[in-house]
Amino acid sequence: MNDFDEFDAFEAGAHQSLSARALGARQVAYLDDLNPAQRAAVEALDGPVLMLAGAGTGKTKALTTRIVHLLNTGRARPNEILAVTFTNKAAREMKDRVGRMLGHAAEGMGWMGTFHSISVKLLRRHAELAGLRSNFTILDTDDQIRLLKQLILAGNIDEKRWPARQLAGIIDNWKNRAWTPTRVPASEASAFNNRAVELYAAYQERLRTLNAVDFGDLLLHVVTIFQAHPDVLEQYQRWLRYILVDEYQDTNVAQYMWLRLLAQGHCNICCVGDDDQSIYGWRGAEVGNILRFEKDFPGAQVIRLEQNYRSTPHILGAASGLIASNKGRLGKTLWTDAPEGERVRLIGHWDGEEEARWIGEEVEALQRGTRGLDPISPDHMAILVRASHQMRAFEDRFLTIGLPYRVIGGPRFYERLEIRDAMAYFRLAVGPTDDLAFERIVNTPKRGLGDKAQQLIQRVAREAGVPLLEGARRVVSEGLLGGKGLAELRRLVTQIDQWHDRVRRGEQNHIELAEQILDDSGYTAHWQNDKTPEAPGRLENLKELVKALEQFENLQGFLEHVALIMDNETEDTAEKVSIMTLHAAKGLEFQAVFLPGWEDGLFPSQRSMDESGLSGLEEERRLAYVGITRAEVICTISFASNRRVYGQWQSALPSRFIDELPEDHVEVLTPPGLYGGGYGAAGMTSGVEARAASANVYNSPGWKRLQERAATRPVAQPRESRNVVIDLEAASSFTLGDRVFHQKFGYGTVQGIEGDKLDVSFDKAGSKKLVARFVVAADQADDVPF
DNA sequence: AAGATCAAGCTTTTT
DNA sequence: GCTTGATCTT
């Protein structure tokens with residue numbers, strides 16, 4: 001049902017009955033589950049409220065209970081509550097939890113969702129006010145960049161010096177600040193070789209003709225509509241009587257304006273956030289929004305949730321001590337009544353590989369149960385890195401020792417090439433005027449329609465002022481193209497017509513239709529004929545895609561949702577260690593957390609500091625804070641003296657954040673030998689042994705002096721000797737049929753030998769040609785320290 | 001038009 | 001070092 005119809009029906013009625021109903025004791029039993037601060041946050045229903053919720057303080061619980069309480073007290077009906085989150089996952093979780101508390105699905109909560117999904121809903125309703133039709137398409141970053149590239153070329157700009165990616169960044173930034181092309185301040189005019197504003201305007205124009213929007217537009221258009229049409233805004237202010245916002249510290253200016261506009265009037269707005277966990281400044285998030293809240297909403301109640309239910313006192317102490325170095329915080333003191341627990345462990349390693357090896361062993365030790373701790377399932381352990389390229393060292397190592405892991409936040413399902421291609425076909429079937437989709441698939445699979453043919457179609461279409469499909473149709477009917485290309489193009493045009501026809505008539509089951517589109521077009525065959533090792537996986541993904549269609553009534557509905565729901569949560573029950581970035585870890589918790597790579601330049605990231613100075617450093621520090629506070633039971637921070645970056649060996653100092661950790665909460669495992677006499681950690685293979693070797697490094701010669709000494713110490717070269725030995729052995733000793741082991745590809749059989757190269761058929765990874773020194777005989781796999 | 005070779009890059013990424 | 005895109009080659 002349309003939410004607006006519900007509104008209309010509701011407005012015709014009256015508000016009385018619910019609010020008049022007395023609340024029995026049984027109905028508010030949920031309030032007894034809350035601590036005093038949570039309870040205050042739940043019961044302060046009217047007027048502006050800022051809920052400062054530290055890590056692990058039961059924020060979601062307070063938020064969902066508040067929604068239930070709004071309903072129970074009769075303040076609002078499900079449809080009158082606007083609850084905004086940043087991610088679909090958070091929205092889903094909120095919906096589930098509210099539903100669970102109510103004892104039935106949270107029906108009618110039509111305004112619970114992400115900023116973007118709610119904006120889509122608003123924008124479809126009022127598209128014409130933004131110069132769009134309500135069936136506009138939503139472009140993702142990839143489409144956006146391709147479009148910008150065209151405009152850059154059309155503007156006679158050297159795309160190499162001025163890449164589309166950079167322009168996309170500038171435009172995104174402006175949109176995040178709610179600047180339309182005319183509102184970009186003069187001070188920004190020099191951006192992109194003085195051409196950015198002009199290109200931005202051209203881009204917006206192009207989007208309008210394509211009847212398309214990008215992610216930034218979703219918010220921007222809604223803000224612009226609200227500003228230009230007070231009557232429309234007023235409607236929503238009346239309808240949406242209570243507003244809740246999750247992760248408020250991550251809102252950007254456009255989102256802030258969006259909220260302000262809707263909230264002004266009743267001012268029933270409850271923002272939940274934690275200024276110490278603001279880690280998306282680089283994407284336009286304004287910590288200022290949360291710091292300014294009390295000024296923006298006079299009379300706001302500020303409620304602090306400070307009782308932590310997640311971590312031990314040592315972990316909290318370390319995190320609090322670290323974040324205390326940041327200026328301009330709203331300030332919170334997290335506390336817990338949990339038993340003291342383990343200190344945060346700190347360990348230095350010779351290089352990144354050793355760090356990965358040590359962590360691998362430590363994971364296994366924790367899994368068995370060590371240090372007097374209960375055994376911890378790998379499911380409840382995570383390795384949190386600053387940058388995704390750090391993940392590889394762990395993947396390599398874990399593959400070697402056969403430790404199951406999962407990487408969170410890799411390329412997402414709907415961003416994969418084959419999925420995007422398939423989607424382009426579906427888009428064309430639904431809306432044959434979708435030029436971007438047409439461009440994408442016209443020569444995929446190969447139809448002999450290369451650059452020249454495509455330019456011809458473009459030209460014909462542009463001259464006639466028609467979509468590309470129509471242009472193609474004319475090219476065919478007028479025979480402007482030769483031989484193979486012509487026949488293929490004719491076939492494609494006919495096929496698109498047929499698909500569109502079927503979509504329109506809606507007679508055919510949309511799942512069958514989708515399968516047929518992929519088969520008819522030759523796209524399935526394209527991957528079946530592809531001999532690369534990725535091909536089977538891609539076909540698998542296509543099957544997944546078709547399966548995902550089952551949840552929707554038709555192709556249109558599917559496309560609508562997919563544009564916004566880009567997450568890729570595959571349930572997998574096997575017990576695995578998680579590897580992810582610190583950013584991806586926000587909101588999650590693990591019993592054991594490893595924080596590798598705490599080296600100056602890597603973390604805090606040099607680039608962050610160069611580009612954003614002190615505020616960049618503070619954001620990095622918040623990232624560190626987020627990392628530590630993910631840990632429930634045990635947290636291990638590590639750094640490596642040497643690390644290979646972009647193929648070059650580099651030595652680095654331990655992160656300055658390490659100095660900022662309060663010593664009382666830290667246990668230093670690093671043996672003194674590490675800094676004194678070169679590689680000294682050879683015997684230190686597990687945490688238990690390391691602990692025996694742990695000296696009072698913090699106090700003894702002075703931790704800082706140690707660092708200084710490390711700085712002046714000559715750069716040590718990585719050990720090579722053992723690898724060289726293996727190399728010589730390996731190169732000469734293999735024969736056809738030998739079983740070998742490779743650290744990334746696993747076990748395999750030698751199929752051929754050419755000089756120093758082996759042709760190996762791996763059990764899991766398929767056939768690879770590689771240099772002999774990268775593999776060892778299978779029976780030696782366990783002894784070799786890679 | 002399609003494969004092959006080479007240079008230039010290179011944080012984080014909810015939607 | 002390794003991937004990605006642009007140019008070169010057939």
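Hydrogens, waters and symmetry mates are skipped; everything else that's a heavy atom, side chains included, is used. So you know, we letter chains A, B, ... as the sequences are listed, proteins then strands, and number each from 1.
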Mind calculating the distance between [atom1] ([X]) and [atom2] ([N]) to the nearest angstrom?
{"X": "A:Arg161", "N": "C:dG5", "atom1": "CZ", "atom2": "P", "answer": "21 Å"}
{"X": "A:Gln255", "N": "B:dT15", "atom1": "CD", "atom2": "C1'", "answer": "9 Å"}
{"X": "A:His389", "N": "C:dG1", "atom1": "NE2", "atom2": "C1'", "answer": "12 Å"}
{"X": "A:Trp162", "N": "C:dA6", "atom1": "CH2", "atom2": "C1'", "answer": "20 Å"}
{"X": "A:Ile145", "N": "B:dT13", "atom1": "CD1", "atom2": "C1'", "answer": "12 Å"}
{"X": "A:Ile408", "N": "B:dT13", "atom1": "CD1", "atom2": "P", "answer": "12 Å"}
{"X": "A:Asp396", "N": "C:dG1", "atom1": "CG", "atom2": "C1'", "answer": "12 Å"}
{"X": "A:Glu488", "N": "B:dA2", "atom1": "CD", "atom2": "P", "answer": "10 Å"}

*asked:* Exactly one of A:Thr60, A:Thr85, A:Val84 should register a side-chain contact (heavy atoms from CB on, under 4.5 Å) with A:Asp246. Which one does?
replied: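 Among A:Thr60, A:Thr85, A:Val84, the one meeting side-chain contact (heavy atoms from CB on, under 4.5 Å) with A:Asp246 is A:Thr85.
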*Step by step, would you call A:Tyr203 with A:Asp214 a side chain to side chain donor-acceptor pair (under 3.5 Å)?*
CA-CA 10 Å; A:Tyr203 172 64; A:Asp214 62 21; 2.8 Å; yes
Select base, sugar-phosphate, or nothing to describe what [X] touches, counting heavy atoms under 4.0 Å on all strands.
{"X": "A:Thr581", "value": "sugar-phosphate"}
{"X": "A:Lys446", "value": "sugar-phosphate"}
{"X": "A:Phe115", "value": "nothing"}
{"X": "A:Asn443", "value": "sugar-phosphate"}
{"X": "A:Glu620", "value": "base"}

*Taking for each residue the nucleotide of DNA chain B bearing the nearest heavy atom, is the 5' side occupied by A:Ile279 or by A:His116?*
A:Ile279
*Starting at the 5' end of DNA chain B, which residue's closest nucleotide do you reach first, A:Gly448 or A:Lys586?*
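Nearest nucleotide further toward 5': that of A:Gly448.
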Tell me whether the OP1 or OP2 atom of [N] has a side-chain N or O from [X] closer than 4.0 Å.
{"X": "A:Tyr646", "N": "B:dT11", "value": "yes"}
{"X": "A:Lys149", "N": "C:dA6", "value": "yes"}
{"X": "A:Ser117", "N": "B:dT15", "value": "no"}
{"X": "A:Lys89", "N": "B:dT15", "value": "no"}
{"X": "A:Ser388", "N": "B:dT12", "value": "yes"}

*Could A:Asp172 and A:Lys175 be called an ion pair, given the rule that one side-chain N must be under 4.0 Å from one carboxylate O?*
no
*Are the side chains of A:Leu582 and A:Phe603 in touch, meaning some heavy atoms are under 4.5 Å apart?*
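A:Leu582 vs A:Phe603: side chains touch.
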*Ignoring hydrogens and angles, answer whether the base of B:dT12 and the side-chain atoms of A:Arg386 contain a donor-acceptor pair closer than 3.5 Å.*
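Side chain to base: pair present.
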*Output, in order, the C-alpha distance, side-chain angles, deciding distance and verdict of side chain to side chain donor-acceptor pair (under 3.5 Å) for A:Ser615 and A:Ser612.*
CA-CA 6 Å; A:Ser615 73; A:Ser612 315; 4.9 Å; no
Among [options], which nucleotide sits nearest the side chain of [X]?
{"X": "A:Phe215", "options": "B:dT11, B:dT15, C:dT7", "result": "B:dT15"}
{"X": "A:Arg607", "options": "B:dT15, B:dC10, C:dC2", "result": "B:dC10"}
{"X": "A:Ala453", "options": "B:dT11, B:dA1, C:dA6", "result": "B:dA1"}

_Quick check on B:dT11: syn or anti? Syn means the glycosidic torsion is within 90 degrees of zero._
syn
*Among side-chain atoms of A:Glu439 and A:Gln150, is any donor-acceptor pair under 3.5 angstrom?*
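Side-chain D/A pair, A:Glu439 to A:Gln150: present.
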